[in-house]
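So the structure is just underneath, and the comments pick up after that.
As the structure is a prediction and not an experimental result, all values here were calculated from the model. Just so you know, these numbers use all the heavy atoms, side chains as well, and skip hydrogens, waters and symmetry mates.
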Amino acid sequence: MTETPVLIAGGGPIGLVLALELEHRGIDAILVERNLSTTRHPKMDVTNGRSMEHFRRLGIAEEIRSHGVPTDHPMSVVWCTRLAEWELARFDYPSIDWGRDIIRYVNDGSLPLEPDLRISQVILEPVLKGILETRAKHISVRFGWKLESYEQDDEGVTAILRSSETGETETIRALYLAGCDGAGSVTRKGLGIEYDELSVRDILRETGGIAKNVFRVAKGLVRGQRPPDGRIFLIHFRSNDLEFFERFGTAWHVQSPVGGTLIAQNDLDTWTLHLPLSADVDAESIDPRRLLFESLGQEFGCEIIVANVWKPNLVVAKSYGSGRVWLAGDSAHQVIPTGGYGMNTGVGDAVDLGWKLAATLKGWGGPGLLPSYEAERLPVGFRNRAASARHAAVRTQISQAYGPAVHEATPKGEQARQVLGKHIQELGNLENEALGIEIGYRYDDSPIICQEEGDTPAYPIDRYNPSTWPGVRAPSLFLSDGTALYDRFSDGFTLLRFDDVEVSALEDAAKDRGVPIEVVDIRDELAERIYEKKLVLLRPDQHVAWRGDECPEDPHLVVDRIRGGLG
């Protein structure tokens, strides 16, 4: 029987990030993945600024960027009638290079340290896997092995693995099991955890109510339009016809009320079309090439890589685990791709779970530390699911406003296009602008945060209001010497000190409990103003654990709180 401190089930991006987090903290683990190789399906296509901040902390951000879309390419979102026809509206966003300049220029704590990165999951997974396989000293990566079953007891988990090639089985004894094994999670099912699900009916309520939508559907049926039934047909393909695909300029997404969403995976030769299907369509009878041409409006040379039907879900697990077994990523939550919250939410899970597993295994994490994972990440899952549903509802409103006249090369068609384009602009594109979702989440109900009394600052989904209210992600900014404040943080707890305050009692309390803490002195007028207090204690994941203008009266109580030592 093989023994390991941590068994990670699932070698998608979340399992790989968790493995990287544990490697960074010197924790041995075995990662198993049932597939023999990384995914062939493109899935996510953007790694947001918060995830890139974590990759920077792990020392791999620039390496990952080198595999993404070139840093001087914009992130434009274009709405059109069809790719071969007319543009309706557009939302232009800066390139990585320009984004970096903006972040340095604004420098008020309201933006992430790192710009977003356009990179397909098809590319990202092999990069993460390669880093682990070539550099990790603590992680064993085993693709082609599936978690078949497990049992947990007070001392650990006994797991049965099965080889995908030979069928042979192997028993693994782990102190902890992390279920990063996707929507059909064996880990989740083994715990008996059910999903809380949002239905199509729930989304319809977001677009004006059931009755109003019945009227819209009836109106569409009269015009020969059947409403989508929730299924999406994916066509992942290659084409060198850049003249056609960039006829509206270099665009990240090209979206159409009838032609689905076309994603430029590398701005060169690889693309993905996601097309909603109506109830009367038999997915088995679809000719992917023909559907591709019809959706985009003309024929072109192409090679189909993958084509299949799939159905997005809006679900959150009712629990994220217990005892020795915990869930992360798609096993814990699934959303519609609008907004790009799936993998990026999962990265936050992996980081939170990773440092808490490491602290527990190293002996300074208390009995309440791992249970705090659910208290912190479950509300984030629900908040991000609500945002994803909201963005999907906007897409639905655009589809409902569509009329076939927009395809006509007539004055009537031009007027229809102007009306629809104005409607799209008025609805906006919050799905790619919701910084509050990406970096503004806060752990209000966490038992390991030293919560404060008083009115908590607002944290809307559309922006990030810089604050050091306990539980928030710390604001990022550049100091007067040009260095990034985030780069001053330690791997353990960081006590930022903005004035000559005596903190030896807090340092001694941390030492007594074995909690790693480093005092970092910052003498910077801008940073002092934005960070609000003279002392701000940051966790290993860059969230604020405690703050004050002087050393706490009972430093041991603070240390026990933040390490989960209060139960």
- Criterion side chain to side chain contact (heavy atoms under 4.5 Å, CB included) on W469 and V544, from CA distance to verdict: CA-CA 7 Å; W469 188 272; V544 177; over 6 Å; no
- Task: Show your working on salt bridge (charged side-chain N to carboxylate O under 4.0 Å, His left out) between E133 and K129 and close with a plain yes or no.
- Result: CA-CA 6 Å; E133 290 178 328; K129 180 172 179 279; 2.8 Å; yes
- Query: Taking atom CG of D455 as the centre, does the number of heavy atoms from other residues, nucleotides or ligands within less than 6.0 Å exceed 12?
  - Reply: no
- Message: Can you confirm whether R135 sits close enough to E23 that some side-chain heavy atom of one is under 4.5 Å from a side-chain heavy atom of the other?
- Response: no
- Distance only, no hydrogens: is a donor on one side chain within 3.5 Å (strictly under) of an acceptor on the other, for T47 and S51? no
- Not counting sequence neighbours, list each pair that qualifies as a ring pair (Phe, Tyr, Trp, His ring centres under 6.0 Å) and has a residue in residues 503-529. none
- Find out whether the Lys NZ or Arg CZ of R50 is both under 6.0 angstrom from the six-membered ring centre of F55 and within 45° of the ring's axis. no
- R57 side chain to F489 main-chain N or O, any donor-acceptor pair under 3.5 Å? no
- So do I448 and K356 actually touch side chain to side chain, heavy atoms under 4.5 Å? yes
- Query: For atom CD of E194, is the number of surrounding heavy atoms from other residues, nucleotides or ligands below 6.0 Å larger than 12?
  - Reply: no
- Message: By the definition side chain to side chain contact (heavy atoms under 4.5 Å, CB included), identify the one residue from I263, V78, N429 that meets it with H253.
- Response: I263
Atom pairs and distances, side-chain donor-acceptor, residues 315-323, under 3.5 Å, sequence neighbours left out:
from	atom 1	to	atom 2	distance (Å)
S319	OG	G321	N	3.2
S319	OG	G321	O	3.4
S319	OG	E374	OE1	2.7

- Would you indicate whether E550, at its atom CD, is surrounded by more than 12 heavy atoms from other residues, nucleotides or ligands within a distance under 6.0 Å? no
- Query: Rounded to the nearest 0.5 Å, how far does CG of D500 lie from CD of E502?
  - Reply: 10.5 Å
- E114 and R56: salt bridge (charged side-chain N to carboxylate O under 4.0 Å, His left out), yes or no, with the steps? CA-CA 8 Å; E114 292 281 342; R56 179 179 179 129; 2.8 Å; yes
- Message: Checking the side chain of S331 only, and the main-chain atoms of G179 only, is there a donor and an acceptor separated by less than 3.5 Å?
- Response: yes
- Pairwise side-chain contact, I8 with L22, heavy-atom cut-off 4.5 Å (strictly under): yes
- S476 side, atom OG; L485 side, atom CG - distance, nearest 0.5 Å: 7.0 Å
- Task: State whether Y443 and R539 meet the cation-pi test: NZ (Lys) or CZ (Arg) under 6.0 Å from the six-membered ring centroid, and within 45° of the perpendicular axis.
- Result: no
- Task: Could you give me the CA-CA distance, side-chain angles and deciding distance for E438 and Y464, then say whether side chain to side chain donor-acceptor pair (under 3.5 Å) is met?
- Result: CA-CA 9 Å; E438 296 177 10; Y464 170 62; over 6 Å; no
- Query: Do D97 and S95 have a side chain donor and acceptor closer than 3.5 Å?
  - Reply: no
- Task: Flag the pair W326 / D349 as yes when at least one side-chain heavy-atom distance between them is below 4.5 Å, and no otherwise.
- Result: no
- Message: Taking side chain to side chain contact (heavy atoms under 4.5 Å, CB included) as the criterion, tell me which of D462, I461, N48, L111 meets it with L435.
- Response: L111
- Message: Assess the residue pair R118 and D116 against the criterion (salt bridge (charged side-chain N to carboxylate O under 4.0 Å, His left out)); give the C-alpha distance rounded to whole Å, side-chain angles, the decisive distance to 0.1 Å, and a yes or no.
- Response: CA-CA 7 Å; R118 288 175 54 201; D116 293 352; over 6 Å; no
- R497 and D499: salt bridge (charged side-chain N to carboxylate O under 4.0 Å, His left out), yes or no, with the steps? CA-CA 6 Å; R497 182 166 60 176; D499 202 349; over 6 Å; no
- Would you find a donor on one side and an acceptor on the other, under 3.5 Å apart, between the side chain of D445 and the backbone of A375? no
- Query: Do Y459 and Y441 make the cut of ring centroids closer than 6.0 angstrom?
  - Reply: no
- Report yes if the side chains of W355 and L369 come closer than 4.5 Å at any heavy-atom pair, otherwise no. yes
- Considering residues, nucleotides and ligands other than E553, do more than 12 of their heavy atoms fall under 6.0 Å from its CD? no
- Item | Within 45° cone of F498 ring axis and under 6.0 Å: K533 NZ or CZ | no
- Query: Does NZ belonging to K362 count more than 12 external heavy atoms closer than 6.0 Å?
  - Reply: yes
- Note on the structure: The side chain to side chain contact (heavy atoms under 4.5 Å, CB included) partner of D352 among R377, H543, E21 is R377
- Got I119 and D45 here, is their nearest side-chain heavy-atom distance under 4.5 Å? no
- Query: With a 4.5 Å limit on heavy-atom distance, are the side chains of T187 and Y150 in contact?
  - Reply: yes
- Task: Answer yes or no: is there a side-chain heavy-atom contact under 4.5 Å between L132 and L20?
- Result: yes
- Side-chain (E33) to main-chain (G11) donor-acceptor, under 3.5 angstrom: yes
- Query: Can the ring centres of Y341 and H391 be said to be less than 6.0 Å apart?
  - Reply: yes
